[in-house]
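We're numbering straight along the sequence, starting at 1.
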Amino acid sequence: MHGWDWRSNQDADNETRRRVHDLLKRRMAGDAPAVLDYFADDVEISHNGATVGYFPTGQWRGRDALRENLRRTDIEYEPLDAEVRSVLVEGAAAALHCVANWRRRATGRVYAMDMAYFLRWRKDKIVRMHEFIDHHAASRAVDPPGSLEKLMRAPEPGLARDEMVQRMTDVGSFSRQGPDVALFRQYCSPDVVCEFVGDRSKIFYAGRHRGIDALTNIIRTVGMEFEQVGGAAPEMIVDGGALAVRRSVEWRHRGTGRRGVVDLANFVRFEDGMIVELVEFRDNVALLQMQG
């Protein structure tokens with residue numbers, strides 16, 4: 001029998017997971033040569049960063065540009081350690097969410113940062129990387145993500161891949177009037193956990209929250225502030241009952257009238273046909289610029 005082989009594809013996905021874990025380990029060890037060896041000479045890089053210190057934002061092309069990016073970042077920061085929250089793999093695409101600790105060399109202050117990576121592989125080299133990084137807002141009210149053991153025995157999603165993709169497309173497609181809050185109530189568990197990555201002193205709802213009312217209140221707040229006027233087709237990686245979504249949307253601030261393109265990333269888990277966890281990264285720098 002020819003064609004798709006489940007076992008060989010599963011082995012390939014596990015090998016990619018191992019590479020993603022090793023890449024993060026090498027980065028936090030400050031081993032730049034080993035990190036660079038994972039990337040193709042013509043790699044394309046896009047970075048959405050926080051405003052603290054020197055986590056540079058922008059777009060680069062080529063391994064030499066990445067080398068310079070790493071060098072300049074490491075002048076400003078010392079990488080300490082990282083906790084992996086999720087790794088999703090589907091074919092040549094992979095997504096990573098982790099929380100990493102960095103010490104700013106000038107002040108000695110340690111920053112906990114949420115980091116997300118969307119990687120596209122060509123054989124054993126990364127040819128495209130989208131990076132998101134922002135402050136980790138420690139939660140006082142909601143339990144942290146489940147243990148590795150729990151993740152390994154996660155319940156079935158209860159939906160086919162195409163159904164999960166369609167639901168994420170639906171909730172991410174705001175009209176000019178705003179988001180469809182009823183869809184969130186229809187697709188999400190009543191005790192859904194949502195996390196919005198960012199600095200709580202600038203984004204008041206940053207951090208983890210529990211319950212559909214908390215989520216819909218935040219969604220309403222975003223819809224009252226911003227009008228979605230355009231967007232590109234999202235990139236989605238589906239791995240079991242988990243999805244990683246990367247998309248670009250054009251928003252207009254309803255108060256200032258300013259427009260901007262905002263990159264967003266979501267990590268979502270389904271259980272028994274419902275969304276039970278949603279983590280969102282966004283280009284908060286772009287949002288704050290639109291607010292004036």
### Message
By the definition side chain to side chain contact (heavy atoms under 4.5 Å, CB included), identify the one residue from Arg167, Met168, Arg269 that meets it with Ile275.
### Response
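The option that passes is Met168.
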### Query
Taking the inter-plane angle between the rings of Tyr111 and Tyr77 on a 0 to 90° scale, is it parallel (under 30°), tilted (30 to 60°) or perpendicular (over 60°)?
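Perpendicular: the ring planes of Tyr111 and Tyr77 meet at over 60°.
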Please check this pair: side chain of [X] against backbone of [Y], looking for a donor-acceptor N/O pair closer than 3.5 Å.
X      : Y      : result
Arg109 : Arg103 : no
Thr256 : Met290 : yes
Arg120 : His130 : no
Glu90  : Val238 : yes
Arg258 : Gln289 : yes

### Task
Applying side chain to side chain contact (heavy atoms under 4.5 Å, CB included), run through Arg185 and Ile212 and close with a yes or a no.
CA-CA 7 Å; Arg185 291 191 174 276; Ile212 188 61; 3.6 Å; yes
Let me confirm one number: the [atom1]-[atom2] distance from [X] to [Y], rounded to the nearest 0.5 Å.
X      : Y      : atom1 : atom2 : value
Leu36  : Asn69  : CG    : CG    : 10.0 Å
Thr216 : Asp180 : OG1   : CG    : 12.0 Å
Leu88  : Leu243 : CG    : CG    : 7.5 Å
Met236 : Arg246 : CE    : CZ    : 11.5 Å
Glu78  : Thr73  : CD    : OG1   : 14.0 Å
Ser86  : Glu277 : OG    : CD    : 8.0 Å

Of all the heavy-atom pairs spanning [X] and [Y], show the shortest one and how long it is.
X      : Y      : result
Arg104 : Glu76  : NE-OE2, 2.6 Å
Pro179 : Gly223 : CD-CA, 3.7 Å
Leu278 : Asn266 : CD2-ND2, 3.8 Å
Gly62  : Ile45  : O-CD1, 4.4 Å
Pro157 : Gly240 : CG-O, 4.2 Å
Ala137 : Ala206 : CB-C, 3.9 Å

#### Entry: Other residues, nucleotides, ligands: >12 heavy atoms within 6.0 Å of Arg18 CZ
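Check passes, neighbour count above 12.
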### Task
Determine whether more than 12 heavy atoms belonging to other residues, nucleotides or ligands lie under 6.0 Å from atom CZ of Arg122.
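Check fails, neighbour count at 12 or below.
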### Stepwise side chain to side chain contact (heavy atoms under 4.5 Å, CB included) test for Arg27 and Leu70
CA-CA 9 Å; Arg27 180 66 187 103; Leu70 294 174; 3.4 Å; yes
Using a strict threshold of under 4.0 Å (side-chain N to carboxylate O), is an ion pair present between [Y] and [X]?
X      : Y      : value
Asp64  : Arg67  : yes
Arg128 : Glu44  : no
Arg17  : Asp239 : yes
Arg259 : Glu250 : yes
Arg161 : Glu163 : no
Arg252 : Glu225 : no
Asp41  : Lys125 : no

Can you find a pair of side-chain heavy atoms, one from [X] and one from [Y], that are under 4.5 Å apart?
X      : Y      : result
Ser248 : Val262 : no
Leu287 : Trp251 : yes
Leu215 : Phe196 : yes
Asp114 : Asp134 : no
Glu131 : His47  : yes
His21  : Val84  : yes
Val110 : Trp102 : no
Leu119 : Leu96  : no

Is it the case that one hydrophobic cluster holds both [X] and [Y], taking links as side-chain heavy atoms less than 4.5 Å apart, direct or via other members?
X      : Y      : answer
Met274 : Val181 : no
Leu66  : Trp121 : yes
Trp60  : Val127 : no
Val193 : Phe267 : no
Phe118 : Phe281 : yes

### Task
Starting from the C-alpha separation in whole Å, work towards a yes-or-no answer on salt bridge (charged side-chain N to carboxylate O under 4.0 Å, His left out) for Arg220 and Asp213.
CA-CA 10 Å; Arg220 284 195 186 96; Asp213 288 339; over 6 Å; no
### Distance-only donor-acceptor check, side chains Tyr187 and Asp170, under 3.5 Å
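Per modelled atom types, Tyr187 and Asp170 side chains form a pair under 3.5 Å.
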### Query
Under 3.5 Å, is there a donor-acceptor pair between the Asn217 and Tyr205 side chains?
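Short answer, no.
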### Query
Hey, mind stepping through Val43 and Tyr38 against side chain to side chain contact (heavy atoms under 4.5 Å, CB included) and telling me if it holds?
CA-CA 10 Å; Val43 62; Tyr38 274 96; over 6 Å; no
### Query
Under 6.0 Å between ring centres, would you say that holds for Tyr117 and His97?
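No.
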### Task
List the steps and the verdict of side chain to side chain contact (heavy atoms under 4.5 Å, CB included) for Leu23 and Val35.
CA-CA 6 Å; Leu23 174 59; Val35 170; 3.9 Å; yes
